[in-house]
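First comes the structure, then the notes that go with it.
Chain letters run A, B, ... following the sequence lines, proteins first and then strands; every chain starts at 1. Small disclaimer: the values here were computed from a predicted structure and weren't measured. In what follows, every heavy atom counts, from backbone to side chain, and hydrogens, waters and symmetry copies are set aside.
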Amino acid sequence: MKKKVVVGMSGGVDSSVAACLLKEQGYEVIGVTMQIWQEENPDEASENGGCCGLSAVDDARRVAWTLGIPYYVMNFRREFKESVMDYFVAEYLHGRTPNPCIACNRYVKWEALLTRSMEIGADYIATGHYARVMELPNGRFTVRNSVTAAKDQTYALYNLTQEQLKRTLMPVGDYTKEEIRRIAERNGLAVAKKKDSMEICFIPDNDYASFIEKSADNVPGAGNFVDMDGNVLGCHKGITHYTVGQRKGLNLSMGRPVFVTEIRPETNEVVIGSGDDVFSDRLCCSHVNWMAVDGLHKESRRVTAKIRYSHRGAPCVIRELPDGTVECLFETPQRAITPGQAVVFYEEDHVFGGGTIL
RNA sequence: UGGGCCAUCGCCAAGCGGUAAGGCACAGGACUUUGACUCCUGCAGUCGUUGGUUCGAAUCCAACUGGCCCAG
């Protein structure tokens, strides 16, 4: 009896090849594109390689046809709006910097898609992520780096649950990007040369501030740039325009580069400091998802932590604080530890756990 | 309005008679399946104004305009 797997197809190369590989491996493959937001300008989004819009459906459908697999479009607009877009806007309004891809993975690409796939009798769901699901000796599931560390996407997957991982396949993680493109070509997939997607899919023009203004009623307005001693340095456009570590767009001519070191929503202030001021060797995080273990159990642990998607990772020690949050002490100070971003802990090449930076 | 000082790109600033450094900011690009960071490229046909000296002036001289300081 063939195992049935639903592949989330974005219309891009990676997920197309994922479907292709699974079919070769003998699975009964069903292609599904999740419709998650309404594009205003499909042409533009397609040029930018937008990941989940209407034009994506055409590409995905064509690939499914080429592979000879059934193909469906599922509507997840409500889930996406509630779990990703609303969260995204709310975080910015509170002076934090969210990572929508992580929320999308946990709540839409997995939770929603998995639930519905189970309903139609699937055994697994699969995606085109550059990561590999692995079962540890302790019986728990985690994700480990893809064979190409450069394309690794485990950071964005740290929040998946054991139940989700148990039913997840990521065939693309065994190959390099070059190999994936070759496989696509060899199988005559029309998307072989399609440009990689970039930027947040629901904000193709990359103008976050405008998006937030359109989505929220009470967006905090102009306020003061202040230095660490409280001196006013200038006027900012509203805290939603800034993030910790930011240099460009401040319009502050101090004779030397200056950076955002802190955002204070209570006072509507954006704190400015030098390049050195943006380094810190400590962070606290909450909403922790343990992956390789079921908890820290009052022990501290040496791990490698990534504080942003493109971070190489830095050695640190983590421990649970009495209030339930987790403290992370780095051996060397890290740049721009930013509230709202995820910190992901690694042990060897797999995800140990992760949380949201406070 | 007695004396002194200063006026060079949006900001700071080099230049001291030989044909406008640099930094910050800004713009564009690269990188990047989050925000950022980083990197690359661009950015004063002109030196407050008007005259003068000189082969040649941002650089010297004069007046004017504006600003600062000290006197009163």
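Backbone-only contact: A/L250 has heavy atoms under 4.0 Å from sugar-phosphate atoms and none from a base. Within the nucleic acid shown, A/V244 comes within 4.0 Å of at least one base atom, counting heavy atoms only. Within the nucleic acid shown, A/Y242 has no heavy atom closer than 4.0 Å to any nucleic acid atom. Residue A/F88 is out of contact with every strand shown, counting any heavy-atom pair closer than 4.0 Å. Using a 4.0 Å heavy-atom cutoff across all strands shown, A/R308 reaches at least one base atom of the nucleic acid. As judged by a 4.0 angstrom heavy-atom cut-off over every strand, A/G340 is placed among residues making no nucleic acid contact. Residue A/P98 is in base contact, counting any heavy-atom pair closer than 4.0 Å across all strands shown.
For A/Y309 and B/rU34, the shortest distance from a side-chain N or O to OP1 or OP2 is not below 4.0 Å.
For A/T97, the side-chain atoms get nearest to B/rG35 when compared with the rest of B/rG35, B/rU38, B/rA36. Taking the side chain of A/N206 as heavy atoms from C-beta on, and the options B/rU34, B/rC37, B/rG35, the nearest nucleotide is B/rG35. Checked against B/rA25, B/rU34, B/rA36, the side chain of A/S253 finds its nearest nucleotide in B/rA25. Comparing B/rC37, B/rU34, B/rA36 by their nearest atom to the side chain of A/T243 picks out B/rA36. Side chain of A/K248, nearest nucleotide from B/rA36, B/rU34, B/rC26: B/rC26. Listed candidates were B/rU34, B/rC37, B/rA25. Nearest to the side chain of A/N251 is B/rA25.
We find that CG of A/L93 is positioned 15 Å from C1' of B/rG35, with the value rounded to whole Å. Distance, A/Y92 OH to B/rA36 P: 6 Å, rounded to whole Å. Rounding to whole angstrom units, CD1 of residue A/I307 and P of B/rU34 are separated by 15 Å. In this structure, A/K109 atom NZ and B/rU34 atom C1' are separated by 12 Å, rounded to whole Å. Computed from coordinates, the A/K306 NZ to B/rU34 C1' distance equals 13 Å when rounded to whole Å. Straight-line distance from the CG atom of A/L252 to the C1' atom of B/rG23: 15 Å, rounded to whole Å.
Separation of the A/Y346 and A/Y155 ring centroids does not fall under the 6.0 Å cut-off. Checked against the 6.0 Å centroid criterion, the rings of A/F202 and A/F211 qualify as a close aromatic pair.
Spacing between B/rC37 and B/rC47 at atom C1', rounded to whole Å, works out to 37 Å. Taking atom P on both nucleotides, B/rA58 is separated from B/rC9 by 15 Å, rounded to a whole Å. If you take atom P in B/rG56 and the same atom in B/rG45, they sit 24 Å apart, rounded to whole Å. Taking atom P on both B/rU1 and B/rU65, the two are 13 Å apart, rounded to the nearest angstrom. Remark: the separation of the C1' atoms in B/rU59 and B/rU46 is 14 Å, to the nearest Å.
Residue-to-nucleotide proximity on RNA chain B shows that, of A/M254 and A/Q341, the 5′-proximal contact is made by A/M254. Residues A/R335 and A/R256 each lie close to RNA chain B; by heavy-atom proximity, the contact nearer the 5' end of the strand is made by A/R256.
A/E269 and A/T267 are linked by a side-chain donor-acceptor pair at a separation below 3.5 angstrom, with hydrogens and angles left out of the test.
Salt-bridge annotation for A/D349 and A/R144: present, with a side-chain N of the basic residue lying under 4.0 Å from a carboxylate O of the acidic one. Using a 4.0 Å cut-off between charged side-chain N and carboxylate O, A/R301 and A/E299 make no salt bridge.
Using modelled atom types, no side-chain atom of A/S15 and backbone atom of A/A18 make a donor-acceptor pair closer than 3.5 Å.
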